[in-house]
**Q** 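One structure is given below, represented as C-alpha cells, and several questions about it will come after.
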Amino acid sequence: QVQLQESGPGLVKPSQTLSLTCTVSGGSITADSYYWAWIRQPPGKGLEWMGTKAYSGSTYYSPSLKSRMSISRDTSKNQFTLQLSSVTPEDSAVYYCARTREVVVTTRLPGDYWGQGTQVTVSS
C-alpha cells in the first residue's frame with residue numbers, strides 16, 4: 001500500500017518561501033510510469049494543480065506558478081519537496097502530494113494515492 005505524508009510549517013509569513021516535503025512509503029518515487037504531484041485547494045475553491053515530478057526526474061509546472069516554484073526529490077529518502085517563493089495570503093490552502101498516472105492533476109482518479117493534506121496559512 002502506497003502512503004504519502006506531507007510535512008512542513010503550517011504558518012508562513014508573506015514574502016517568505018514555503019517549503020513542504022512529501023515522504024513516500026510502499027513504493028519508489030523512481031518507479032516507472034508514475035508521477036508525483038503537488039496540488040492545493042484554497043478555502044472555498046477547487047483543486048489547483050501546481051506541478052509534478054516524473055519518475056524519470058523531469059519536472060512540470062503550472063504556468064501560473066512556474067516563476068515561483070520548484071520541485072526537487074531525494075531518492076535516497078524517497079521524498080519530494082515543494083518550494084514556493086514570495087508567498088502571499090492568496091497562497092493559503094490545503095496542500096496535497098499525490099502519486100498519479102498523469103502529469104496534470106485536476107481530480108482524484110481511481111488508482112491515485114494522495115496524502116491527507118496539510119494546511120498552510122500565509123500571514124504576518
Side-chain angles (χ1 to χ4, degrees):
Q1 180 80 358
V2 177
Q3 293 185 317
L4 297 91
Q5 179 66 59
E6 305 90 351
S7 60
L11 180 64
V12 183
K13 294 186 184 318
S15 80
Q16 291 188 340
T17 296
L18 180 163
S19 183
L20 295 175
T21 295
C22 183
T23 301
V24 179
S25 59
S28 172
I29 62 173
T30 60
D32 274 355
S33 304
Y34 289 116
Y35 298 92
W36 304 89
W38 285 100
I39 307 104
R40 68 181 181 180
Q41 186 166 24
K45 297 184 179 180
L47 295 173
E48 178 186 16
W49 172 70
M50 301 181 71
T52 298
K53 175 71 81 174
Y55 58 96
S56 62
S58 298
T59 313
Y60 308 85
Y61 297 112
S62 166
S64 65
L65 295 169
K66 184 176 182 179
S67 64
R68 296 198 290 132
M69 68 176 290
S70 67
I71 301 175
S72 59
R73 69 179 183 178
D74 186 333
T75 57
S76 68
K77 295 181 180 179
N78 217 35
Q79 295 175 332
F80 60 109
T81 298
L82 163 72
Q83 289 198 308
L84 182 67
S85 64
S86 304
V87 298
T88 72
E90 285 65 42
D91 293 310
S92 299
V94 177
Y95 285 74
Y96 299 93
C97 59
R99 190 193 82 170
T100 72
R101 289 281 195 177
E102 305 289 338
V103 172
V104 178
V105 181
T106 58
T107 188
R108 297 189 189 213
L109 295 176
D112 289 350
Y113 288 90
W114 287 53
Q116 64 182 16
T118 186
Q119 173 69 50
V120 176
T121 300
V122 179
S123 174
S124 56

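Keep in mind it's a predicted model, so treat the numbers as computed, not measured.
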**Q** Counting distance only, does the side-chain N/O of D112 pair as donor-acceptor with the main-chain N or O of A98 below 3.5 Å?
**A** no
**Q** Would you list the atom pairs, donor with acceptor, under 3.5 Å between side chains in residues 14-26 and any protein atom, with sequence neighbours excluded?
**A**
residue: Q16; atom: OE1; partner: K13; partner atom: N; Å: 3.4
residue: T21; atom: OG1; partner: T81; partner atom: OG1; Å: 3.2
residue: T23; atom: OG1; partner: Q79; partner atom: NE2; Å: 3.0

**Q** Please, which pairs that meet ring-ring contact (aromatic ring centres under 6.0 Å, His included) have at least one residue in residues 88-124, sequence neighbours excluded?
**A**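 Residue pairs with at least one partner in residues 88-124: Y96-W114.
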**Q** I'd like to know if V12 and L82 are part of one continuous hydrophobic network [Ile/Leu/Val/Met/Phe/Trp/Tyr, side-chain heavy atoms within less than 4.5 Å].
**A** yes
**Q** Rounded to the nearest 0.5 Å, what's the gap from CE on M69 to OG on S86? Could you check?
**A** 13.5 Å
**Q** Could you name each residue pair satisfying salt bridge (charged side-chain N to carboxylate O under 4.0 Å, His left out) that touches residues 30-50, not counting sequence neighbours?
**A**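 Sorted pair list: R40-E48, R40-D91.
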**Q** Looking only at non-hydrogen atoms, find the nearest pair between I39 and A37 and report the distance.
**A** CD1-CB, 3.9 Å
**Q** As an exercise, state the distance from CE of M50 to OG of S62, rounded to the nearest 0.5 Å.
**A** 8.0 Å
**Q** Is there a continuous path of hydrophobic side-chain contacts, each under 4.5 Å between heavy atoms, that joins Y34 to V103?
**A**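 Different clusters.
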**Q** Looking at every non-hydrogen atom in both residues, tell me the closest pair between E6 and G117 and how far apart they are.
**A** OE1-N, 3.0 Å
**Q** Which atoms form the tightest heavy-atom contact between L4 and V2, and what is the distance?
**A** CD1-CG1, 3.9 Å
**Q** I'd like to know whether CD of Q119 has more than 12 heavy-atom contacts from other residues, nucleotides or ligands below 6.0 angstrom.
**A** yes
**Q** Using the benzene-type ring in the case of Trp, are the ring centres of F80 and W38 under 6.0 Å apart?
**A** yes
**Q** Kindly write out the residues that satisfy ring-ring contact (aromatic ring centres under 6.0 Å, His included) with Y60, not counting sequence neighbours, or none if the list is empty.
**A**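 Scan of Y60 (ring-ring contact (aromatic ring centres under 6.0 Å, His included), adjacent residues dropped) gives none.
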**Q** Working note: Y35 + R99, criterion side-chain hydrogen bond (donor to acceptor under 3.5 Å, both in side chains); need CA distance, chi angles, decisive distance, verdict.
**A** CA-CA 6 Å; Y35 298 92; R99 190 193 82 170; over 6 Å; no
**Q** Please identify each residue that fulfils ring-ring contact (aromatic ring centres under 6.0 Å, His included) with Y61, with sequence neighbours left out.
**A** none
**Q** Which pair of non-hydrogen atoms, one from L47 and one from T107, has the smallest distance, and what is that distance?
**A** CD1-CA, 4.1 Å
**Q** Looking at every heavy atom in both P42 and G46, which two are closest together, and how far apart are they?
**A**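 Looking at all heavy atoms of both residues, the closest pair is CD-O, 3.7 Å.
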**Q** Between T88 and E90, does any side-chain donor sit less than 3.5 Å from a side-chain acceptor?
**A**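 A pair is found: one side chain offers a donor N or O, the other an acceptor, under 3.5 Å apart.
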**Q** Kindly write out the residues that satisfy side chain to side chain donor-acceptor pair (under 3.5 Å) with S28, not counting sequence neighbours, or none if the list is empty.
**A**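 Side chain to side chain donor-acceptor pair (under 3.5 Å) check on S28 returns T30.
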**Q** Which pair of heavy atoms, one from G51 and one from I71, lies closest together, and at what distance?
**A** C-CD1, 3.4 Å
**Q** Going through the distances and angles, do S123 and L11 end up as a side-chain contact (heavy atoms from CB on, under 4.5 Å)?
**A** CA-CA 7 Å; S123 174; L11 180 64; 4.1 Å; yes
